[in-house]
Each structure stands twice: as C-alpha cells, then as structure tokens.
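One structure is given below, encoded as structure tokens.
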Amino acid sequence: MAIKVCDEKKIFQINTPNTTYLMGVVKDKYLGHMYYGPRMEDCDGLYLLRAPQGEKADHFLYKKNKIGFMDSFSFEYPAWGTGDFRDTCLKVRDERGYDTCELAYEGYELMDDKPALTGMPATFAGKEPAGAAQTLTIILRDRLIGLKILLRYSTFEDSDAIIRSVVAVNEGTQKLYLEKILSACLDMDDENFDLITLHGCWGRERHTAVRRVSIGKHIVSSLRGESSHQVQPFMALTTNGTNQKSGDVYAMNFVYSGNFIAETELDHQDGVRMSLGLHPDTFEWVLDPGASFETPEAVVVYSDKGLGQMTRTFHNLYKNHLIRSKYLHSKRPILVNNWEATYFNFDTEKLVAIAEEAKKLGIEMLVLDDGWFGKRDNDESGLGDWQVNEEKIKGGMKSLAERINGVGLKFGLWFEPEMVSPDSDLFRAHPDWAIQVEGREPSMGRHQYVLDLTRQEVVDYVYESVAAVLRSANIEYVKWDMNRSLTDLGSLALDREHMGEFSHRYVLGLYQMQERLLNDFPDLLLENCSSGGARFDAGMLYYSPQIWTSDDMDPIERLSIQEGTAMLYPLSSMGAHICVCPNHSVGRNTPMETRAHVALAGTFGYELDLTKLSEEDKEKAVVFNKEYHKYNDVVREGDYYRIASYQENNMYDCWQVVSPDKSESLVTYVQVRFETMRKSRRLRLEGLEPGAIYQLEGTEQTFSGEMLMNAGYLQPMLHGDYNSILLHFVKKN
Ligand code: GLA
C-alpha cells in the first residue's frame with residue numbers, strides 16, 4: 001500500500017515509488033509537516049515536528065505563549081488568525097466579521113481510488129495495476145465556526161507525484177466567507193534554496209528564472225484571469241548546485257487556468273513555507289450552511305535526482321493521468337495554418353490553393369484561422385458572430401470543408417468563443433453579456449471585451465453557436481483561442497455578496513464549455529491557445545492534448561520557450577510550426593532545417609504560405625514531413641532529457657528523447673552561434689542502456705550506451721549561425 005497510517009501515533013506516510021511524505025499530529029490537535037524526501041519505510045519521525053515536550057513546556061508553549069508555538073510550527077495546512085504570521089493557506093470570515101480560524105485534527109479516510117473534482121480538470125487513475133490510485137483524506141475542523149477542512153492526497157502506483165486538493169464544508173449555522181483557500185503547502189526547514197519559476201510575455205513565454213530564496217516572501221502570481229504569458233503556475237525549490245541530474249527539488253504545479261498565487265517565504269526562524277492556490281486578491285466564496293467548496297488540484301513533486309527527474313515525473317503524470325484526449329498517443333495530423341500566410345486576407349480559392357500545395361508535400365490538415373466569420377476583416381470587429389462570412393467563404397463552411405477534404409486534407413477551424421467585439425451583432429444585442437462594472441466603460445484589449453462566462457445563458461449561447469458551426473461541416477480540429485486578459489471584473493448578474501466569486505466562476509464557465517465540446521464531439525482534436533501561450537497550463541491539458549506554445553515561431557526564440565514549457569509539459573503537448581523567413585515576430589532569418597528541427601519537438605506543422613515556397617524548400621518540406629512520421633513516436637512517447645541549454649550557455653541548445661524500451665534515441669542539437677577554432681561539442685547523453693550498442697543513423701559509427709552517457713558524443717561544429725542537426729541513435733540487435 002502506498003499510504004500508511006499509524007493510528008496510535010497519528011502519523012501519516014505517503015509513499016510513492018521513490019519518495020516519502022510524512023505528517024503527524026501533536027497535542028492531538030495540530031497537523032504538522034514532518035518530511036518530504038527519498039523513500040523510507042520508517043515513519044517514526046514525530047521528533048521532526050519539534051513539538052514542545054514535558055509538562056512545563058506544554059503549559060508554556062500551548063497556553064502562555066501559544067503565539068510562539070503557532071508562529072513556528074510546521075503546519076501542514078496553516079490558517080490565519082491565531083498566531084501564525086507567515087503566509088497562511090486559509091482565511092475565513094464569519095457573519096460577525098471575525099476572520100480567525102484554528103484547525104484541529106479530527107480523523108482521516110483512505111480510499112483505493114482518486115476522486116474527480118466537480119466541474120474542474122483533475123488527474124485520474126489509469127490502467128491498473130500501474131495506474132492504480134489511493135487517496136488519503138485528512139479531516140480538520142474549526143469547532144467554533146463549524147468549518148470542516150478536508151485535505152486530500154492522492155498517489156498513483158506509477159508516479160512520484162502527489163496530488164493535493166482541499167475541500168471546505170460549512171457544518172455550522174452561519175454563513176462563512178472563504179477569503180483564501182490554497183491547494184497545497186509545504187512547510188520545511190531552510191536548505192539554502194534557490195527558487196525556479198517560469199516567466200515571459202507575448203512571444204517570449206516560459207523563460208526560466210532562478211533566484212536565491214532570501215529572507216521574506218517571494219511571490220509569483222497571475223491576476224489576468226488566465227494562467228498568463230507572464231508567469232507559469234509553478235515553483236520549484238532546489239538545493240545548492242542542483243542541475244539536470246542531481247540535487248533536491250521540491251516542485252508544485254497548479255491544475256488550473258485562472259488567477260493563482262505561488263508563494264515561498266523564508267522566515268526569521270529558518271523555516272521555508274511554499275504554497276500554491278487560487279489568488280486571494282480576486283477570490284471570495286460564500287459558504288452557506290451545508291455548502292462546500294473544492295479547490296483545484298496542485299501537483300507536488302520531489303526529486304532527489306535534479307530537475308530532469310522532476311520533469312519526467314510531471315510528463316509521465318500528465319501523460320498517464322491528466323491528458324484524457326484519445327489523440328494523446330497518436331500522431332497528430334501535420335497541419336498548415338493560414339494565419340501568418342494570409343492573416344485576414346483570404347477566400348476559398350486561396351485556401352484551396354494552399355491545401356493543394358500542402359497535399360503535394362505530405363501535409364495532412366488545413367486549419368483556417370481567424371477571420372472566417374461575421375464582419376471580421378481585421379481584429380476590430382466580428383467576435384461573437386460565429387456565422388460564416390460568405391463573402392470570403394463562398395457557399396459556406398460545409399462547402400469549404402468538402403473542398404479541402406476533396407483535396408485529401410482534413411479541415412480544422414479557429415474560434416475565440418470567450419470574446420465579443422463591441423462592433424458585433426452579439427454585442428449590439430447583448431451589451432450586458434460583456435464583463436463589466438456597472439457605470440464604468442470596460443477596458444478593451446485587442447479591440448475586444450470578454451464575455452461573462454459566469455452567466456449560464458451566455459455559456460449556453462456561445463457554446464451553441466460554436467457547436468452549430470461544428471455540426472454544419474466536417475471539422476476535425478478546433479483551435480480555441482483567447483486573446484486578452486480579464487479586467488473590470490464584475491458581472492451584471494452577480495449580487496454584492498457573490499461578486500468575489502467572479503474570477504473563479506469565469507474559469508468554471510470555460511471548463512464547462514470545453515467539457516461539453518468534448519462530450520458532444522468526441523472525435524474532435526482540440527488545441528487550446530491564448531495569444532500564443534498565455535494559457536499553457538495543466539488545467540487546459542485536461543481538455544486538449546496540445547496547446548499553442550507561442551506566437552513566436554522563430555526557432556531561436558523557441559529554444560528557450562520550449563525548454564521552459566518542456567520543463568513541465570510533455571513534448572506531445574507543445575504546438576510547434578515552421579514559420580516563414582524573415583520571422584514575423586523577430587525578423588530573423590534561419591535555415592529551414594532549424595525551423596523544422598525545433599518544430600519536430602512538438603506537434604509539428606506549418607504556418608506560412610505554401611504557394612510561395614521555393615522549389616528547394618518544397619523538397620525540404622517533403623523530407624521534414626517524412627521525418628515527422630519517422631520520429632514522432634519517440635518524440636511523443638519517449639523520455640525527455642535536457643542536455644544543454646542555450647538560455648544558460650548562450651551558444652547552443654540540445655535535448656534528447658529516448659524510447660521507453662531504450663531501443664532508439666533522437667538528439668536535437670541547435671548551434672546558435674558559430675565560433676572558429678572551437679573543438680567539437682561534447683554531448684553527454686542520458687537514459688540509454690549502458691551495455692547496448694547504438695548506431696548513429698546515416699553513418700557506420702557505433703557507440704555503447706555507456707560511452708555515449710559518460711564520455712559523450714562529439715558533435716562537430718556546424719558551419720554558420722543558427723544551424724542544427726538531428727542525431728538518431730538506434731540500438732543494434
Ligand atoms: C492569436 C493566436 C494566433 C492567431 C491569432 C488570430 O494571437 O495566438 O495564433 O490565431 O490570435 O487572431
């Protein structure tokens with residue numbers, strides 16, 4: 001059994017294949033965090049709680065100086081108000097206006113399963129026995145206000161991740177107002193940690209940032225209504241010198257797509273508290289007597305083998321227990337998207353011409369992006385009017401899909417369902433459906449407003465208008481976009497008391513729409529997107545097996561973007577396309593091979609005007625498409641290793657995937673800068689079978705796995721900047 005409880009000592013031990021998590025109760029009351037680290041069978045670690053011993057200490061510390069105890073104890077789930085002045089996870093106000101809360105241990109439950117969450121994405125058990133799940137629920141209670149708190153911890157037999165969520169149940173007689181309820185906390189001792197987070201902006205998402213954890217609070221958060229370009233709902237604490245292969249890592253990632261806060265606090269007593277959850281600044285929830293509230297899930301991972309192992313734990317968890325799409329384990333169709341090829345300037349004939357060219361090159365799907373509906377000739381109008389613009393698409397969507405299918409390609413379509421343009425029939429009919437504060441003109445972003453998804457009639461209307469288009473034609477793929485942050489947070493339909501629920505309710509409305517879409521169109525391949533990668537998070541991955549990583553497709557920019565994204569998310573989930581040169585975002589010229597090699601690390605496709613490609617580039621495209629079919633199985637299903645980072649060395653980048661049976665490995669090397677007189681680069685590979693012999697495809701060269709991993713492969717310099725190479729090692733029988 002993965003989870004063990006010592007009833008007598010009130011110790012809880014959660015074991016995963018390689019890790020152990022320990023909690024204990026002191027004074028029959030306070031639940032404390034004891035240990036998180038390498039797996040142990042011994043759980044007798046109550047001393048780790050530093051609980052006051054003996055009668056005197058007892059009297060002094062629990063009574064006369066309770067604050068001293070409360071402010072230093074390693075709480076498993078700290079609550080605000082009775083002496084813990086660090087970052088706490090829970091703040092509840094009662095009808096009288098008091099906001100103190102004191103949680104006492106009450107009991108626990110164990111189940112051999114993993115409960116789903118209501119209306120939210122959640123990890124799930126996989127195929128047994130490897131995917132079997134267990135869940136421990138610890139029950140805490142504030143007796144005065146009648147608040148019951150359930151702390152849930154789930155594990156899967158095949159994963160080192162622990163999944164946490166919290167439920168608050170009002171078992172009292174008065175209304176309670178939840179003002180802060182985070183999903184997970186780790187209360188540890190300082191170990192001179194570094195903090196790793198992922199940051200960026202439009203076109204530069206998820207660059208890795210490392211900082212020293214010094215005294216005080218370190219907060220990363222989003223208040224934009226989406227997980228955001230700016231920061232990823234993730235933080236990792238690492239011990240000194242941690243690298244890809246060694247060092248301790250404590251990481252948290254949020255299975256959520258809206259506002260969040262991730263906090264790390266180093267306090268004056270050398271305690272380090274790390275927590276993650278819904279951002280309290282845009283959150284309040286009314287709990288009527290008898291009602292309950294469930295937080296989103298947080299994934300917690302410990303690795304004693306550096307960041308590489310943390311990454312693979314996240315990847316495997318998401319592949320085996322979160323991404324539920326039937327396309328997860330299949331090659332996705334190679335697509336061509338017309339956005340950067342035409343922007344808003346297209347018609348049926350242009351699209352068919354692109355499709356015909358695509359077919360000749362081995363591309364499998366045409367995706368029609370923004371501009372096919374309403375009056376949408378630029379980004380100033382039309383959002384919300386999801387009726388085909390027959391001036392551009394003569395004969396309508398069915399006819400276009402038939403023509404594309406007739407060429408031999410699948411057909412996919414772009415939507416931005418959450419938005420409305422002020423210049424649209426929808427807005428003219430329902431101005432109150434936009435998110436707004438009564439009497440204040442809402443701020444626009446990209447000339448558009450956001451629809452109020454907290455209102456069921458809005459969700460129903462928008463969902464139906466999207467579904468009607470999908471029913472009208474053979475549309476096999478949808479790109480669901482979202483192109484601005486949320487402001488003017490308010491709904492004309494929510495009363496004063498419930499207005500604080502707005503931000504979370506918006507996300508629940510979004511999840512409801514995506515859930516319905518998948519239920520009604522079970523064969524649909526869904527790709528989420530948000531101005532590039534502003535909503536690349538574990539929440540959206542529950543609905544779509546792939547997410548558009550960034551609008552910037554320049555392969556050099558993509559190195560850091562994809563490195564940061566792949567730190568958490570499987571390569572099979574990263575939308576990646578070959579762009580035209582000079583690149584539209586940064587104006588850089590790069591070899592087509594490099595653009596292709598970088599895009600082959602993701603879902604793969606094209607975003608350029610194929611009718612304008614030179615004959616030479618067309619020939620290359622044929623080769624890349626064959627390479628996609630040849631390598632995608634190992635890219636999609638393999639284990640990922642980060643070998644070198646351009647973000648760190650400013651010279652070159654290298655990553656590797658190894659098939660689960662270790663019979664083949666694909667290494668991608670990108671030499672950003674060429675320098676004369678440099679020796680060849682030594683690439684120390686990972687994950688191979690030490691005793692096996694591998695042949696480098698296209699050569700007679702053979703190497704033992706051991707040699708490639710310890711001595712390394714010597715990659716000669718490639719002449720010129722921005723060059724790249726794929727190295728395919730295949731095990732000889
Ligand atoms: C966003 C997306 C792009 C494209 C445009 C269309 O920016 O990220 O890929 O779909 O919208 O307006």
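Order of appearance sets the numbers: ligands from 1, and atoms from 1 within every ligand. The first residue of the sequence shown is numbered 1, and numbering continues consecutively from there.
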Before giving the answer on ring-ring contact (aromatic ring centres under 6.0 Å, His included), spell out for Y640 and W655 the whole-Å C-alpha distance, their side-chain angles and the decisive distance to 0.1 Å.
CA-CA 7 Å; Y640 166 85; W655 64 92; 7.7 Å; no
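- Using a 4.0 angstrom heavy-atom cutoff, K479 counts as in contact with ligand 1.
- The 12-atom threshold is not exceeded at NZ of K410, counting heavy atoms of other residues, nucleotides or ligands nearer than 6.0 Å.
- Checked by distance only, ligand 1 and W202 stay at 3.5 Å or farther apart across all their nitrogen or oxygen atoms.
- Residue S531 touches ligand 1 through its backbone alone, judged by heavy-atom distances below 4.0 Å.
- Per-residue contacts place W548 under 4.0 angstrom from the following atoms of ligand 1 (heavy atoms of the residue considered): 8 (O), 9 (O).
- Ranking the protein heavy atoms by distance from atom 5 (C) of ligand 1 puts W339 CE2, 3.6 Å first.
- The NE2 atom of H207 lies 13.0 Å from the CD atom of Q232; values are rounded to the nearest 0.5 Å.
- The protein heavy-atom contact nearest to atom 4 (C) of ligand 1 is D369 OD1, 3.4 Å.
- Side-chain atoms of D617 never come within 3.5 Å of backbone atoms of L613 as a donor-acceptor pair (strictly under, hydrogens ignored).
- Between the side chain of R558 and the backbone N or O of A599, no donor-acceptor pair lies under 3.5 Å.
- When only interatomic distances are considered, the shortest N/O to N/O separation between D370 and ligand 1 falls below 3.5 Å.
- Results of the side-chain hydrogen bond (donor to acceptor under 3.5 Å, both in side chains) test with S530 over R535, E205, E226 single out E226 as the only residue that passes.
- Residue contacts with ligand 1 for D481 involve side-chain atoms from C-beta outward but no N, CA, C or O (heavy atoms, distance under 4.0 Å).
- Here is the list of ligand 1 atoms found below 4.0 Å of a heavy atom in G532: 8 (O).
- Checked against the 6.0 Å centroid threshold, Y652 and Y669 count as a close aromatic pair.
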Passes side-chain hydrogen bond (donor to acceptor under 3.5 Å, both in side chains), D481 versus W414? Steps please.
CA-CA 7 Å; D481 206 343; W414 178 97; 2.9 Å; yes
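- In terms of polar-atom proximity, defined here as any N/O pair under 3.5 Å, R446 does make such a contact with ligand 1.
- Side-chain contact between V580 and D609 is absent, with no heavy atoms from C-beta onward closer than 4.5 Å.
- The ring pair (Phe, Tyr, Trp, His ring centres under 6.0 Å) analysis of residues 454-492, with sequence neighbours excluded, yields the pairs W433-Y461.
- Close contacts between ligand 1 and C529 involve ligand atoms 2 (C), 8 (O) [criterion: under 4.0 Å to a heavy atom].
- Under the 4.0 angstrom criterion for non-hydrogen atoms, E340 is not in contact with ligand 1.
- Close approach of ligand 1 to N483 (heavy-atom distance below 4.0 Å) involves ligand atoms 1 (C), 7 (O), 11 (O).
- Remark: minimum distance from atom 7 (O) of ligand 1 to any protein heavy atom is reached at D551 OD2, 2.9 Å.
- Contact annotation: for N337 versus ligand 1, there are no heavy atoms closer than 4.0 Å.
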